[in-house]
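Counting starts at 1 for both ligands and their atoms, in listed order. Being a predicted model, the structure only gives us computed values, none of them experimental.
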Amino acid sequence: MMRDLAERIILTIEQAGGEAYIVGGAVRDLLLGRDPGDIDLATSLFPEEVSRLFENVIPTGIDHGTVTVVLEHHPFEVTTFRSESTYTDRRRPDTVSLGVSLEEDLMRRDFTINAMALKRDRLVDLFGGQDDLQRKLVRTVGDPYERFSEDALRMLRAFRFMSQLGFALESDTERAIVRLKESIDHVAMERIAIEMEKLMVGEGRIDALTALRRTGINEELAGLTDDVLLRLIDCKYAAKTKHEVWALFVHSGFEVSELRRWKRSNAQVLRAKKLAPLLDKESLSASERYALTDEELAALNEMTGRSHPSRDELPIRHRRELAVDGKDMKALGLMKEEIKEALAYVEEGVLHSRLKNERDILLKEVLLWKERRKN
Ligand code: ATP
Ligand code: MG
């Protein structure tokens, strides 16, 4: 279906005198019989020319030669064949040249399995990508020292693809990482974190983490000590989505303060802090379940394979379900701090089924509580 739409874009471009191919990860996934998340195309036409050929086109990256063509609600990134010249900062190419050949476009890509092009029944495979797919190997296009020197992020991408595909690391490629690992500090932590999230949810994460440890590149990544990495490798829990990854890190001894250095959002940090200490608990108390959202509890079950009872079985699920509120406390003559404490007190009682969630009962209980406090 998606493939058919992509082939339609290729035909339209050909009818306008251009050339176009499916490229990158989509070719890899199609050859593996996996569902490619999205399909990217490369073309000889310039973005303005592509834009003229289709009704719904979004200029998503004109500077890099990319427009997004939307066909039957499916977005396709269509990028003009391009090459990238010297990476003096080991992060970004100094210049991007559009309008080169398909061969040059494929040459700039990171790994052989990601450097093939496909249209109809024609596969362009200049670097042995098919062989490497068959042998299940992650190998750079060309000299690994050069390719990792151009862009250090590729070293982490290698482990990420190992994990996602269950592949091994080709030995020269691994040796180059060992030699160039220090250069990973040129890469923004944000981008490193994103690769790590993808690695951690992959089927082959144990092997990928083990290879990563073997190269020692983790020592260049703040907070990812050998000890943390070993615990991650041995961890019996798994993250199903990227939102769960950081809880596993914290559970394995990764410092919460390092999460901020890795540019994780407040929401991600809070979630990791909240879930990590609960992972090893065989059962959760009523207050522990109450403190979680339904979604967090579901994540905990998913990661551990346990089946903690649903929050629906708690006497109350939110403070707003309590039969009394702040106004009631005020009416009883309580002041600011007292109000908070009194509500927390009855909330606790209700949650543990010591008190029935009924207004009269709770009001009476608050009065008793106030009396007791006076003495
Ligand atoms: P995913 O399924 O995660 O999207 P992908 O292979 O599509 O995997 P992307 O990061 O989306 O990976 O990149 C798309 C393609 O662009 C890659 O397959 C590769 O050919 C090329 N590419 C991406 N990043 C780099 C890089 N840092 N260096 C060289 N080529 C790259
Ligand atoms: Mg992609």
Side-chain angles (χ1 to χ4, degrees), residues 2 6 21-43 60-61 64-66 68 74-87 89-94 96-97 100 102-118 123-130 132-133 138-167 173 176-177 180 183-184 186-188 190-205 208 241-242 245:
M2 281 253 286
Y21 292 84
I22 297 171
V23 289
V27 179
R28 178 197 69 218
D29 292 341
L30 288 167
L31 292 178
L32 286 171
R34 292 180 163 222
D35 171 37
D38 36 40
I39 296 186
D40 297 334
L41 296 136
T43 180
T60 40
H64 307 101
T66 304
T68 298
H74 292 284
F76 295 87
E77 281 197 1
V78 181
T79 305
T80 305
F81 294 153
R82 62 174 214 226
S83 65
E84 291 164 358
S85 70
T86 50
Y87 290 67
D89 63 356
R90 299 185 178 213
R91 268 184 304 199
R92 252 170 278 110
D94 296 338
V96 171
S97 323
V100 302
L102 170 69
E103 289 68 27
E104 277 191 80
D105 183 279
L106 296 178
M107 220 154 34
R108 73 169 168 91
R109 295 176 183 270
D110 47 7
F111 303 108
T112 59
I113 54 172
N114 289 344
M116 292 179 276
L118 179 71
L123 179 74
V124 181
D125 177 14
L126 307 174
F127 313 105
Q130 274 186 107
D132 287 338
L133 278 184
V138 175
R139 176 206 308 270
T140 55
V141 170
D143 180 358
Y145 295 94
E146 267 173 41
R147 307 320 305 282
F148 293 141
S149 302
E150 286 167 2
D151 177 2
L153 181 70
R154 290 175 185 155
M155 297 190 282
L156 276 188
R157 285 173 61 85
F159 299 109
R160 185 258 275 201
F161 288 115
M162 283 183 72
S163 175
Q164 286 181 327
L165 304 168
F167 280 22
T173 303
I177 295 177
L180 292 169
S183 64
I184 195 70
H186 293 277
V187 177
E190 168 80 37
R191 302 183 72 196
I192 291 174
I194 291 170
E195 292 303 324
M196 194 55 83
E197 285 173 349
K198 292 183 177 175
L199 186 161
M200 288 294 295
V201 302
E203 295 283 329
R205 69 180 187 290
T241 74
K242 64 179 186 179
V245 165

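Proximity of R154 to ligand 1, defined as any heavy-atom pair under 4.0 Å, is confined to the side chain (atoms from C-beta onward).
Listed by number with element, the atoms of ligand 1 under 4.0 angstrom from any heavy atom of G24 are 18 (O). Against a heavy-atom cut-off of under 4.0 Å, D151 is close to the following atoms of ligand 1: 26 (C), 27 (N), 28 (N). Atoms of ligand 1 found under 4.0 Å from any heavy atom of R108 (numbered from 1 in listed order, with element): 29 (C), 30 (N).
Distances from ligand 1 to the non-hydrogen atoms of R157 include at least one value under 4.0 Å. Residue-ligand proximity: R160 is placed with a non-hydrogen atom under 4.0 Å from ligand 1. Ligand 1 has at least one atom lying under 4.0 Å from a heavy atom of F161.
Classification of the F161-F111 ring pair by plane angle, with boundaries at 30° and 60°, yields perpendicular.
Shortest non-hydrogen contact noted between F81 and D105 is CA-OD2, 3.4 Å. The two residues K242 and V201 make their nearest non-hydrogen contact at N-CG1, 3.9 Å. Nearest approach of R109 to G24, heavy atoms of both residues: NH1-CA, 4.0 Å.
Every N/O-N/O distance between A115 and ligand 1 stays at or above 3.5 Å. For the pair R109 and ligand 1, the shortest N or O to N or O distance falls below 3.5 Å.
The heavy atom nearest to atom 5 (P) of ligand 1, out of those in R191, R28, E77, M107, is found in R28. Among V23, N114, T79, D29, the residue whose heavy atom sits closest to atom 20 (O) of ligand 1 is N114.
Remark: T112 engages D132 in a side-chain hydrogen bond (donor to acceptor under 3.5 Å, both in side chains) (not counting sequence neighbours). In this structure N114 satisfies the side-chain hydrogen bond (donor to acceptor under 3.5 Å, both in side chains) test together with R28, D110, sequence neighbours excluded.
Of the charged side-chain nitrogens involved, at least one lies within less than 4.0 Å of a carboxylate oxygen, so that E150 and R147 count as a salt-bridged pair.
Residues V27 and L123 form a side-chain contact, since some pair of their non-hydrogen atoms from C-beta on lies under 4.5 Å apart.
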